[in-house]
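The analysis underlying the following values was restricted to heavy atoms, covering all of them including side chains, and did not include hydrogens, waters or symmetry mates. Every chain is numbered from 1, with letters handed out A, B, ... down the list of sequences. Keep in mind that this is a model prediction, so the values were computed, not measured.
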Amino acid sequence: MKRELAKQYEPGEVEGRIYHRWLDGGYFHAPCDPDKKPYTIVIPPPNITGQLHMGHALDETLQDILIRWKRMCGYDTLWLPGTDHASIATEAKIVAAMREEGLTKEDLGREKFLERAWDWKKTYGGRIVEQLKSLGSSCDWDRERFTLDEGCSRAVREVFVNFYNEGLIYRGNRMVNWCPCCNTSISDAEVEYSEKESNFWHLLYTVKETGEKLELATTRPETMLGDTAVAINGDDPRYAHLHGCHCILPLLNKEIPIVCDEHADMTKGTGVVKITPAHDPNDFEVGLRHHLPIVRTFTYDGHLTGKAEKEAADALLASGRAAENEPEVLDCGKYAGMTTMEARKAILADLEAGGYLKYTEPLKHDVGTCYRCHTDIEPMVSKQWFVRMEPLAKPAMECVEKGEIKFVPERFTKNYMNWMKNTRDWCISRQLWWGHRIPAWYCADCGAVIVEKEDPTVCPKCGGTHLEQDPDTLDTWFSSALWPFSTLGWPDETEDLAHFYPTDTLVTGYDIIGFWVSRMIFSGLAHTGKAPFNTVLIHGLVRDAKGRKMSKSLGNGIDPLEIIDKYGADALRFALATGNSPGNAMRFSDEKIEASRNFANKLWNANRFILMNLTDDEPAPHIPANLAIEDKWIISRYNDLVHDVSNSLENFELGIAVQNLYDFIWDVFCDWYIELAKTRLNGEDAAAKETVRAVLVYVMSNTLKLLHPFMPFITEEIWQALPHEGETIMLSPWPKFDEELTFRAEENAMERIMAAVKAVRNRRSEMNVPPSKKAKLFIETKYRDDFEAGRQFMFRLAYASDVEIGEGFPSDGTVSVITESARIYIPLNELVDIEAEKARLTKELEKAQSDLAFVDKKLNNPGFVEKAPEAVVNGQREMREKCLAKIAMLEESLGKL
RNA sequence: GGAGGCAUAGCUCAGUUGGCUAGAGCACCUGCUUGACGUGCAGGGGGUCAUAGGUUCGAGUCCUAUUGUCUCCACCA
């Protein structure tokens with residue numbers, strides 16, 4: 001039982017050993033026991049390409065705290081882990097690696113490419129999982145999932161087909177955000193805006209009918225070849241005479257109509273706008289309203305279109321199978337094949353030469369970029385698959401309005417609602433290979449579109465066998481949206497699904513409320529009829545010590561693995577939980593992690609002390625008979641701690657729970673109780689020794705349980721070394737607040753003794769009396785019993801050589817120390833300066849009198865006495881009594897001098 | 001343009017439904033080989049809680065405005 005512990009805590013040696021013991025014990029596995037209440041969290045699946053960063057570390061720490069706490073509370077607790085295939089991110093990395101070898105996707109072909117991708121997943125997907133383990137995450141690894149595994153893929157297919165049949169998924173030509181670097185469409189949510197320097201180019205288009213020059217400005221002159229109209233506002237008096245007229249498009253000498261549209265804002269610029277339906281989201285809408293031709297002039301990889309592209313498009317249009325809004329393609333002639341930037345230069349040069357460029361105005365504006373590669377986004381009309389959002393968003397908003405899902409902190413509800421309200425149809429197809437392939441087939445014979453759960457071989461319309469599957473894959477977030485139920489076996493009605501779904505708490509950063517949280521909510525409601533979780537706990541981002549976002553480009557990222565290596569996973573977790581309040585950003589600094597490491601070490605040493613005092617056959621934790629006053633005090637304080645920590649956890653106030661634990665362990669237990677305990681431990685009374693050992697073990701082992709969710713490794717290691725019952729602290733029952741363990745009278749008595757100790761120390765320190773110089777203490781008090789009980793502590797804690805409790809002590813050659821409950825004379829003869837004593841006591845008296853005045857002001861206010869809660873008023877009355885007592889003693893002492 | 005956060009000690013931040021005269025860590029100053037710990041112990045200095053109003057018996061906490069700062073969303077011919 002008894003074990004020597006090292007002088008300093010060495011996390012490296014402990015953590016791996018303990019984690020394996022937990023794994024071997026199967027403690028993380030949720031049994032799916034129908035008799036127990038479930039508590040479920042699904043992990044936000046990290047990307048397989050990812051490396052553990054501080055954001056993950058925070059996210060996982062918060063989840064593990066909740067999970068370990070609920071598990072100890074007796075829930076059938078499931079923390080379901082897994083990873084995300086991260087289509088764009090992964091594909092981009094593999095393509096980049098292939099480029100090193102001089103290979104392209106096309107060189108390999110789809111099948112070989114996917115083989116590579118799966119190899120990649122095997123290598124790196126495992127890495128992030130191992131990193132999660134090093135944090136101490138108590139995930140049920142038996143249930144680990146991957147968004148592209150068989151089950152998740154089946155769920156994706158089910159959802160796609162159902163939505164398609166319900167008309168909630170459709171395919172069409174729409175304006176999408178195109179990334180010419182990733183070569184794929186991306187959703188609105190995936191566009192990031194950043195400010196860039198550019199220009200307004202003021203162009204002149206000639207009006208055919210009047211010959212006048214119409215001035216308009218553009219930031220994107222390279223799109224002008226695709227202009228199919230010029231818009232003015234119908235109410236604009238400046239251009240009333242132009243209704244029904246036409247412009248001659250420069251360079252192409254093409255006639256295009258002047259249309260009246262509300263999009264043209266009279267107050268901006270000249271009030272004239274060029275309309276390029278194929279390459280601008282607003283212009284696309286204008287084009288639809290006025291039935292303008294849609295003329296595409298860019299290729300999907302960011303070049304200007306030429307003869308080949310035009311011929312292909314013409315053929316499609318001629319075939320009669322083109323979808324609605326199928327764009328025409330322009331052969332851009334001399335500009336064909338140029339990149340958009342090259343084309344901008346060439347076209348501007350030609351416009352200037354032709355006298356069509358009036359002037360250039362410098363401008364800073366926000367440009368949309370791809371959130372993965374930060375290439376400028378090209379708005380393009382393109383044929384894609386979309387999810388119709390309006391019918392899905394409605395119930396998703398209602399469910400949050402009705403409180404079925406609660407955001408913590410609440411203010412993020414607004415964020416969510418805002419996103420849901422403004423969202424447009426979700427573009428879900430991606431021109432990528434790594435992902436869930438769209439389950440749609442096109443019949444080459446009749447052009448039918450077939451969307452089915454099983455791969456079709458024959459066209460159901462014409463019986464033809466020339467079927468071709470859509471080459472595109474789905475947005476990564478399409479499968480993540482199903483994560484809370486696809487991972488539990490949906491669409492099958494599994495036991496896991498019945499028991500663990502809906503899940504309970506979702507923990508994530510505010511940055512993916514739109515990407516992920518909202519999509520899980522509408523998906524859960526649409527497919528399972530239930531909200532996928534009841535609480536969304538939002539945390540902020542982890543920033544560096546200067547408050548900057550940690551990022552690769554800044555190179556200021558702190559690697560959590562290095563921190564674990566140096567300080568231990570417990571210290572990292574504790575640092576991340578400390579001072580963390582929901583939704584707020586937190587900075588990570590060396591001081592913080594060092595403070596946490598020091599705390600772990602403090603805890604470790606407190607237990608070294610306990611262990612070195614225990615006997616070889618120390619009994620299991622229990623509350624012994626014959627408790628001393630200080631035992632009742634610490635047990636009562638501990639009991640309050642149980643209440644406070646439990647309460648804070650219930651309210652997701654993890655930072656407050658951590659603070660409570662820190663203060664109790666360090667200030668209350670170590671700095672006071674252990675010191676108080678030494679008196680008996682070093683004494684000769686065997687029975688008293690037995691009692692104090694039992695109290696030390698009882699309070700410590702239970703406090704370890706409260707701390708366990710935050711610092712799982714060290715608490716397990718110490719708990720095992722102490723007398724204990726059960727295999728692991730992980731599965732020991734969470735302490736309960738017990739009315740029987742509240743001893744307020746003893747708490748008050750101890751407070752009086754401790755106040756006296758502090759006052760003596762303070763006085764001695766002020767007078768520069770070293771601890772080695774002991775002095776006798778004369779104590780006058782009306783709490784005689786309390787001080788009799790506490791007299792023994794005066795020797796150790798207040799440097800007393802002797803203690804006398806009584807009355808009428810001499811004031812000559814002594815200093816008097818006055819607390820609310822006692823006057824203590826310390827004979828320090830040669831050190832005493834009567835004048836200084838007078839001055840000090842006078843100052844204290846003034847302070848006490850002003851304190852009294854402060855209290856009286858409140859108590860003399862009828863409004864306060866009538867309206868404030870009784871407890872608050874009584875508190876003030878007690879305070880008044882204490883002030884009066886102190887004043888009386890101070891006055892008496894001054895009188896004696 | 002819309003929405004939201006933050007503003008508290010030299011620094012980084014807590015402060016739970018308004019209720020003892022505002023706390024912690026770090027830094028700073030003074031003591032200490034106190035038989036668990038110097039990653040420690042004891043003591044100390046340091047804040048008119050951004051500004052101005054308001055509600056209330058009572059405001060760091062709630063409301064309004066202002067200033068500074070950060071973030072998100074939208075728009076940008």
Side-chain angles (χ1 to χ4, degrees), chain A residues 5 7-9 193 200-203 216-220 230-231 263-265 268-276 280 282-283 363 365-367 409 411-412 414-415 418-419 422 510-511 513-514 540-541 545 547 549 567 578-581 583-587 589-592 594-613 644 647-648 651-653 655-656 658-659 662-663 670-671 674-675 678 682 758 761-766 768-772 796-797 799 850-851 854-855 858 861-869 871-873 875-876 878-879:
Chain A
L5 297 185
K7 192 168 175 179
Q8 281 182 352
Y9 176 57
Y193 290 88
F200 257 148
W201 285 279
H202 292 252
L203 309 183
L216 53 84
T218 178
T219 54
R220 308 202 53 215
V230 166
H263 172 58
D265 185 340
K268 281 186 187 168
T270 56
V272 184
V273 195
K274 69 191 226 16
I275 301 297
T276 323
D280 180 279
N282 289 307
D283 293 4
L363 168 81
H365 69 154
D366 285 342
V367 177
R411 67 185 134 94
F412 288 99
K414 205 161 186 176
N415 188 319
N418 207 31
W419 195 90
N422 297 323
Y510 61 76
D511 51 333
I513 290 175
L541 305 180
K549 206 165 164 172
Y567 299 99
T578 298
N580 188 276
S581 52
N584 289 344
M586 62 167 317
R587 297 190 193 201
S589 61
D590 287 347
E591 289 90 62
K592 210 162 183 173
E594 276 171 23
S596 299
R597 186 266 321 263
N598 293 355
F599 175 66
N601 192 53
K602 183 74 182 174
L603 179 68
W604 183 255
N605 276 291
N607 282 283
R608 278 180 68 214
F609 173 78
I610 293 174
L611 287 168
M612 71 174 53
N613 280 288
D644 293 346
N647 209 261
S648 298
N651 294 318
F652 298 101
E653 290 154 352
I656 293 171
V658 155
Q659 194 63 50
Y662 183 97
D663 292 345
C670 291
D671 287 348
I674 284 186
E675 294 309 317
K678 282 175 183 172
N682 296 340
K758 283 186 205 170
R761 282 173 179 170
N762 182 332
R763 195 75 261 280
R764 289 174 55 107
S765 187
E766 272 174 21
N768 276 320
V769 185
S772 51
R796 174 177 292 275
L797 304 182
Y799 319 106
S850 88
D851 288 352
F854 185 84
V855 174
K858 279 191 184 177
N861 180 343
F864 175 73
V865 183
E866 279 164 34
K867 293 185 185 171
V872 175
V873 177
Q876 290 299 306
E878 273 174 41
M879 176 81 78

For A:Arg761, answer base if it contacts any base atom (sugar-phosphate contacts may also be present), sugar-phosphate if it contacts only those atoms, and nothing otherwise; contact means non-hydrogen atoms under 4.0 Å. sugar-phosphate
With rounding to the closest Å, how many angstrom separate the P atoms on B:rC72 and B:rA27? 34 Å
Please report, rounded to the nearest Å, how far the C1' atom of B:rA24 is from the CD atom of A:Glu594. 16 Å
Taking the same atom, P, in B:rU12 and in B:rC73, what whole-Å distance lies between them? 27 Å
What's A:Val272 touching, base or sugar-phosphate or nothing? Going by heavy atoms closer than 4.0 Å. base
Suppose you measure atom P in B:rU71 against the same atom in B:rU64; what distance do you get, rounded to whole Å? 24 Å
Out of B:rG43, B:rC57, B:rC20, whichever nucleotide has its closest atom nearest the side chain of A:Gln876: B:rC20
Can you give me the closest heavy-atom contact between A:Phe412 and A:Ile513, atom names plus distance? CD2-CD1, 3.8 Å
Closest to the A:Gln659 side chain, choosing from B:rU56, B:rU21, B:rA24: B:rA24
Where the side chain of A:Asn282 is concerned, which of B:rG25, B:rU56, B:rC75 is the nearest nucleotide? B:rC75
Rounded to whole Å, how long is the line connecting atom CZ of A:Phe609 with atom C1' of B:rA36? 7 Å
Is it true that a side-chain atom of A:Asp280 and a backbone atom of A:Asp283 form a donor plus acceptor pair closer than 3.5 Å? yes
Euclidean distance for P, B:rA74 against B:rA7 (whole angstrom): 27 Å
Nearest-angstrom distance, P atom, B:rG15 to B:rA9: 15 Å
Does any non-hydrogen side-chain atom of A:Glu675 lie less than 4.5 Å from one of A:Leu797? yes
Check whether any side-chain N or O of A:Asn415 sits under 3.5 Å from a backbone N or O of A:Arg411 as a donor-acceptor pair, and report yes or no. no
So A:Glu675, base contact, sugar-phosphate only, or nothing? Heavy-atom distance under 4.0 Å. base
Closest listed nucleotide, where the reference is the side chain of A:Pro771 and the choices are B:rC57, B:rC41, B:rC32: B:rC32
Assess A:Lys678 against A:Phe609: is NZ or CZ under 6.0 Å from the centre of the six-membered ring, and within 45 degrees of the ring's axis? yes
Would you kindly give the NZ-to-C1' distance between A:Lys858 and B:rG18, to the nearest whole Å? 12 Å
Measure from the side-chain N and O atoms of A:Asn601 to the backbone N and O of A:Tyr9, and report whether any donor-acceptor pair falls under 3.5 Å. yes
Expressed as a whole number of Å, how far does the C1' atom of B:rU30 sit from that of B:rG46? 15 Å
Tell me the interatomic distance from A:Asn613, atom CG, to B:rC37, atom P, rounded to whole angstroms. 12 Å
Of the nucleotides B:rG25, B:rG43, B:rC37, which has the atom closest to the A:Asn601 side chain? B:rC37
Between B:rC62 and B:rC49, how far apart are the C1' atoms? Round to whole Å, please. 16 Å
Can you identify which nucleotide, out of B:rC26, B:rC57, B:rU16, has its nearest atom closest to the A:Glu591 side chain? B:rC26
Looking at B:rG40, I'd like to know if its phosphate oxygens (OP1 or OP2) sit under 4.0 Å from a side-chain N or O belonging to A:Asn598. yes
Classify A:Asp671 by what it touches in the nucleic acid, base, sugar-phosphate, or nothing, heavy-atom distance under 4.0 Å. sugar-phosphate
Any side-chain N or O of A:Asn762 below 4.0 angstrom from OP1/OP2 of B:rG44? yes
Rounded to whole Å, the CG-C1' distance (A:Asn605 to B:rU39) equals 9 Å
For the student: nearest non-hydrogen atoms of A:Ser648 and A:Ile656, plus distance: OG-CG2, 3.6 Å
Measure from the side chain of A:Pro869, starting at C-beta and using heavy atoms only, and say which of B:rC41, B:rG19, B:rA24 lies closest. B:rG19
Polar-atom pairs under 3.5 Å, protein N or O versus N or O of nucleotides 1-10 of chain B: list them with distances, or write none.
from: B:rA3; atom 1: O3'; to: A:Lys414; atom 2: NZ; distance (Å): 3.4
from: B:rG4; atom 1: OP1; to: A:Lys414; atom 2: NZ; distance (Å): 3.1

When the nearest nucleotide of RNA chain B is assigned to A:Ala868 and to A:Thr219 on a heavy-atom basis, which residue is associated with the more 5' position? A:Ala868
Take the protein atom CD1 of A:Ile656 and the nucleotide atom P of B:rA24, then report the distance between them rounded to whole Å. 16 Å
Which part of the nucleic acid does A:Tyr9 contact within heavy-atom distance under 4.0 Å: base, sugar-phosphate only, or nothing? nothing
What integer distance in Å separates A:Ile513:CD1 from B:rC73:P? 11 Å
Are OP1 or OP2 of B:rA36 and a side-chain N or O of A:Lys678 less than 4.0 angstrom apart? yes
With rounding to whole Å, what would you report as the distance between B:rC29 and B:rG10 at their C1' atoms? 14 Å
Across the strands shown, which category fits A:Gln8 at heavy-atom distances under 4.0 angstrom: base, sugar-phosphate, nothing? base
B:rU21 base / A:Asp851 side chain donor-acceptor hit below 3.5 Å: yes
Any side-chain donor-acceptor pair under 3.5 Å between A:Glu594 and A:Asn598? no
Once you apply a heavy-atom cut-off of 4.0 Å, does A:Leu363 come out as touching a base, just sugar-phosphate, or nothing? nothing
At 4.0 Å (heavy atoms only), tell me whether A:Phe200 reaches a base, stays on the sugar-phosphate, or touches nothing. sugar-phosphate
